[in-house]
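Computed from a predicted structure; not experimentally measured. Side chains are part of it too, since the values below use all heavy atoms of this structure and drop only hydrogens, waters and symmetry mates. Every chain is numbered from 1 and lettered A, B, ... according to where its sequence line falls, protein lines coming before strand lines.
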2 protein chains.
Amino acid sequence: MKDNNAKYVLLGLLSHNPMTGYDIKKSVATRMSYFWDLSYGQIYPTLKDLEKNKLITKKVEQNEKGQNRKVYTITDAGTKELQEWLAKPARKEVHKYEFLLKLIFGDQADFELNLKHIEEFKARNQRILQTMKLFEENVKPILNQSEAHFYVLLTVLLGKSISKASVEWAEDALKLLREHSGGEVKT
Amino acid sequence: MKDNNAKYVLLGLLSHNPMTGYDIKKSVATRMSYFWDLSYGQIYPTLKDLEKNKLITKKVEQNEKGQNRKVYTITDAGTKELQEWLAKPARKEVHKYEFLLKLIFGDQADFELNLKHIEEFKARNQRILQTMKLFEENVKPILNQSEAHFYVLLTVLLGKSISKASVEWAEDALKLLREHSGGEVKT
DNA sequence: AAAGCCATGTAACCAGTTACATGATTCT
DNA sequence: AGAATCATGTAACTGGTTACATGGCTTT
């Protein structure tokens, strides 16, 4: 079967709780929003594949409402495969800062445009920072409830640090840019 | 023609200097190493495409050594297209922290493994931080030589801030993890 | 002589997104 | 009644990587 990260995200999440594809999507979009993303286009085919390979099992919930929720549970083989993957070194981080691509060619644009890109970056990071602070506050009181929460906290703290550093950089950059393009100091 | 970021990276770089595909690869791998990457598999086909659309022109250098360097130069149409792209808002940043994916499922692994992932992340970021400091020192004395250098500096400063924040997080995380898994404070 | 860099390029593949399709339930 | 959320899924596409192929020049 395909050996991409999506596979291990699903196994990892299912190692905590049985879930549906829909649940997984929401989990990733919250817990992991800072550093990972998955679309349904990856989730559903991967679930099918994992089931075929007996790393997870499916139980169709025929509940009162007649909905067909498909709840997946990790198997022992799945847990083993997850742990093997965890033991391998991680690849280096991949970043795509489209705004830096625009900023690095800032000599081809005008001043206000460059300011705008930085301001938008700052705003994005302020939103992330707030979200991370919120997550932190939510997780801290329940740290003792599960070992897993501690590791969520660690990832949240990195998101917090980086978004904070990004906002601070943006403030400095705006200042530098204004000095650079604008008023020369009187002499 | 295809409208991906690779196109604009090439136009942007060529807006500074005429270059070969090989030069572009090196430029991206240094100046932009922190926030972008391009492979030859993207560069050469995109150059061909840009030339076909008259956004750049090609000059084959038949120099002494008999090599065939193909030097590309941006056209007015290319410059215009670059500037139009610069004026559009940037998409939000995309991050992939594979190590956080492994760390967030840390409850499925043992202590030393989690430490190792953090230590490797720290080492990666220490290397980046050093590189960024070096770039900063190299660019600062030549800021007056070209408007473009100023914008390079801004991007380098963000790389520096974020890698510094990452190293600091790693130190805190190692401490937290040791406390968490290890010695309970005596009472 | 070998390693490494300069230099160009393609084909096959893999990863991931987007748009679409469907339909029930719950909240306002 | 309409909007939002729950819930599943696929097909086509785009973006990007990797492995391969080629060959000259330069440094050790």
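Separation of atoms OH (B:Y151) and CG (B:L153) is listed at 11.5 Å; rounding is to 0.5 Å.
For B:Y22, the listed nucleotide lying nearest its side chain is C:dC5; candidates were C:dC5, C:dA15, D:dT8. Listed nucleotides: C:dA7, C:dT8, D:dT8. Nearest to the side chain of B:K70: C:dT8. Taking the side chain of B:R69 as heavy atoms from C-beta on, and the options D:dC6, D:dG9, C:dA7, the nearest nucleotide is C:dA7.
Nearest heavy atoms, B:I104 versus B:L101: CG2-O, 3.5 Å.
The residue B:G41 sits close to a base: some heavy atom pair falls under 4.0 Å. If you check every strand for non-hydrogen atoms under 4.0 Å, B:K7 touches nothing.
We find that CG of B:L101 is positioned 14 Å from C1' of C:dA15, with the value rounded to whole Å. The separation between A:N68 atom CG and C:dG23 atom P is 13 Å, rounded to whole Å. Rounded to a whole Å, the CG atom of A:L47 is 11 Å from the P atom of D:dT10. In this structure, CG of B:N4 is placed 6 Å from P of D:dG16, rounded to the nearest angstrom. Rounded to whole Å, the distance from CG on A:D49 to P on C:dC14 is 13 Å. Between the CD1 atom of B:I43 and the P atom of D:dT17 there is a distance of 10 Å, rounded to whole Å. As rounded to whole Å, 12 Å separates atom C1' of C:dG16 from atom CG of A:N5. Summarising the geometry, the separation between CG on B:L10 and C1' on D:dG16 is reported as 14 Å, rounded to the nearest angstrom.
In this model, the phosphate group of C:dA15 is not approached by any side-chain N or O of A:Q42 to a distance below 4.0 Å at OP1 or OP2. In terms of phosphate contacts, A:Y44 brings a side-chain nitrogen or oxygen within less than 4.0 Å of OP1 or OP2 of D:dT8. Residue B:K25 has no polar side-chain atom (N or O) positioned under 4.0 Å from OP1 or OP2 of C:dT8. Taking 4.0 angstrom as the limit, A:Y40 places none of its side-chain polar atoms (N or O) nearer than this to OP1 or OP2 of D:dG9. Phosphate contact (OP1/OP2 of D:dG16, side-chain N/O of B:S39, threshold under 4.0 Å): absent. Neither OP1 nor OP2 of D:dT8 sits under 4.0 Å from any side-chain N or O of A:K48. In this structure, A:T20 does not reach the D:dC6 phosphate: none of its side-chain N or O atoms is under 4.0 Å from OP1 or OP2.
Comparing B:D3 and A:R91, the nucleotide of DNA chain D nearest to each residue sits closer to the 5' end for B:D3. Between B:K96 and B:G21, the residue anchored nearer the 5' end of DNA chain C, judged by the nucleotide with its closest heavy atom, is B:G21.
Using cut-offs of 30° and 60° on the angle between ring planes, the pair B:F99 and B:F121 is parallel.
Aromatic ring centres of A:Y97 and A:H117 lie farther apart than the 6.0 Å criterion allows.
In this structure, A:K25 forms a cation-pi arrangement with A:Y40, its terminal cationic atom sitting closer than 6.0 Å to the ring centre and no more than 45° off the ring axis.
Looking only at distances, no side-chain donor or acceptor of B:S27 sits under 3.5 Å from a matching main-chain atom of B:I24.
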